[in-house]
Amino acid sequence: MDEVRATAGWVASHASHVSIDSAALAKLVDETQGSIPKVAWNFEGIHYSDDGPLTVQYLLVLDALNFCFWPDKDLNYDHLAMGLREALEKDRSALDADRLQKYSGPQLRDLLKWPRPLPLEEERLRLLHEVQISVLPAFPGSHVGEVLERSFGGKAVNLVKACEKSAVKLVSLVAQQFPDHAVYKGHQIFLYKRAQIFAADLWGAFKGQGYGDFRDICIITIFADYIVPAVLRQLGVLKYSVDLSNAIDAKKEITSGSEEEIELRACSVHAVEKMRELLELKFGKQVLSIDIDLWLWSFGIQTPSMPHHRTLSIYY
Ligand SMILES: Nc1nc2c(c(CN[C@H]3C=C[C@H](O)[C@@H]3O)cn2[C@@H]2O[C@H](COP(=O)(O)O)[C@@H](O)[C@H]2O)c(=O)[nH]1
């Protein structure tokens with residue numbers, strides 16, 4: 001996550017399409033009076049949650065598929081969460097590693113109760129089939145790190161246990177299955193949205209206890225998706241070039257890996273890191289990026305008219 005922070009900062013200082021308005025950021029921080037409204041994890045009541053290992057399995061599968069809902073204007077994240085929840089409520093083995101490998105497109109649609117092909121359905125299926133790779137024994141001689149070489153017996157909970165309460169370990173491990181990299185002006189940029197949100201979801205679902213107990217949770221950054229940049233723009237914290245503003249407002253697709261797309265995501269991460277610094281400086285408050293993220297994101301999904309950038313991506 002140090003890499004996410006550092007590379008997002010590098011993009012922000014070289015950006016040409018997106019900028020951070022320091023005055024608007026300071027004003028927003030002042031308005032919070034040092035306390036970020038606490039939004040409860042699962043405030044929408046959509047998630048499977050039983051305080052046990054099955055919740056961990058659910059969250060790993062959820063975050064494997066947690067990207068790019070917008071191409072179908074009627075589909076959103078809630079459909080994914082509720083579909084997986086109902087599948088587990090009906091059949092507790094629905095997300096077992098051996099079952100994940102076998103899902104077909106129509107079966108995945110059935111699971112989500114979705115009447116037509118999902119956006120990027122082929123990629124969703126591939127990722128679903130591959131989730132089990134992160135929880136099955138690694139093949140001998142593979143390059144994966146020390147932790148992956150142990151056997152997880154097909155259970156996401158064993159992967160979490162092996163990380164010994166380190167969110168950094170968990171994210172680095174999961175990022176091998178859920179990568180999220182870009183090359184920007186010749187530099188490699190790391191954003192790790194789905195891998196980080198998996199650690200944050202565990203922390204939220206288990207209320208920082210048991211499988212959600214991470215001693216280094218403060219290291220996680222926000223999750224650079226298409227909602228948070230839209231909220232930061234609405235709040236005046238992010239400013240876009242005229243061309244980019246027009247493209248987003250006209251719902252034009254922003255190419256994956258383009259400077260514009262990377263700047264939107266990286267400047268969002270950096271703006272929130274700046275916000276944390278200011279909260280500490282002005283109010284002596286240490287705030288988690290996760291809490292700021294949930295506050296901004298929940299505001300965003302309750303304001304669906306807000307224009308967001310549209311990039312076809314499996315990363316977010
Ligand atoms: N930054 C950030 N992005 C998040 C989430 C979540 C859900 N987190 C769960 C954790 C606690 C809560 O209770 C939530 O249930 C989804 N997303 C992203 O939003 C987009 C979906 O938008 P729409 O098409 O309108 O459904 C898509 O890119 C999706 O990946 C988050 O928390 N932060």
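Start at 1 and go down the list; that is how both ligands and their atoms are numbered.
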At less than 4.0 angstrom from any non-hydrogen atom of [X], what atoms of ligand 1 do you find?
{"X": "Asn66", "value": "16 (C), 29 (C), 30 (O)"}
{"X": "Asn42", "value": "13 (O)"}
{"X": "Ile227", "value": "19 (O), 20 (C), 22 (O), 25 (O)"}
{"X": "Asn76", "value": "23 (P), 26 (O)"}
{"X": "Tyr316", "value": "28 (O)"}
{"X": "Leu294", "value": "11 (C), 12 (C), 32 (O)"}
{"X": "Val228", "value": "1 (N)"}

Could you tell me the separation between the [atom1] atom of [X] and the [atom2] atom of [Y], rounded to the nearest 0.5 Å?
{"X": "Asp291", "Y": "Leu279", "atom1": "CG", "atom2": "CG", "answer": "11.0 Å"}
{"X": "Ile254", "Y": "Glu263", "atom1": "CD1", "atom2": "CD", "answer": "11.0 Å"}
{"X": "Ile262", "Y": "Leu191", "atom1": "CD1", "atom2": "CG", "answer": "8.0 Å"}

Parallel, tilted or perpendicular: which one describes the rings of [X] and [Y], with boundaries at 30° and 60°?
{"X": "Tyr48", "Y": "Tyr58", "value": "tilted"}
{"X": "His14", "Y": "His187", "value": "parallel"}
{"X": "Tyr316", "Y": "Tyr226", "value": "tilted"}

Contacts of Lys113 meeting salt bridge (charged side-chain N to carboxylate O under 4.0 Å, His left out) (sequence neighbours excluded), chain-then-number -> Glu86
Return the residue, atom name and 0.1 Å-rounded distance of the protein heavy atom closest to [atom].
{"atom": "atom 32 (O) of ligand 1", "result": "Asp293 OD2, 3.6 Å"}
{"atom": "atom 26 (O) of ligand 1", "result": "Tyr77 N, 2.8 Å"}
{"atom": "atom 21 (C) of ligand 1", "result": "Tyr226 OH, 3.5 Å"}
{"atom": "atom 13 (O) of ligand 1", "result": "Glu44 OE1, 2.7 Å"}
{"atom": "atom 19 (O) of ligand 1", "result": "Trp297 NE1, 2.9 Å"}
{"atom": "atom 10 (C) of ligand 1", "result": "Trp41 NE1, 3.1 Å"}

Can you find an N/O atom of [X] closer than 3.5 Å to an N/O atom of ligand 1?
{"X": "Asp225", "value": "yes"}
{"X": "Asp78", "value": "no"}
{"X": "Phe223", "value": "yes"}

With heavy atoms and a 4.0 Å threshold, my read on which part of Lys193 contacts ligand 1 is side chain
Quick look: Ile222 vs ligand 1, heavy-atom contacts under 4.0 Å, and the answer is neither
Checking Asp180, Thr311, Asp225 against Arg265 for side chain to side chain donor-acceptor pair (under 3.5 Å), the one that qualifies is Asp180
query = Measuring from the heavy atoms of Ile197, does anything fall under 4.0 Å of ligand 1?
reply = yes
Report task. Could you establish whether His47 and ligand 1 come within less than 4.0 Å of each other, counting only heavy atoms on the residue side? Result -> yes
So the side chain to side chain donor-acceptor pair (under 3.5 Å) pairs with at least one residue in residues 202-212 (sequence neighbours excluded) are none
From the list Ile248, Val242, Leu244, side-chain contact (heavy atoms from CB on, under 4.5 Å) partner of Asn246 resolves to Val242
Side chain to side chain, Ser16 and Lys185, heavy atoms closer than 4.5 Å: yes
Handout entry: More than 12 heavy atoms from other groups under 6.0 Å of CD on Glu31
Key = yes
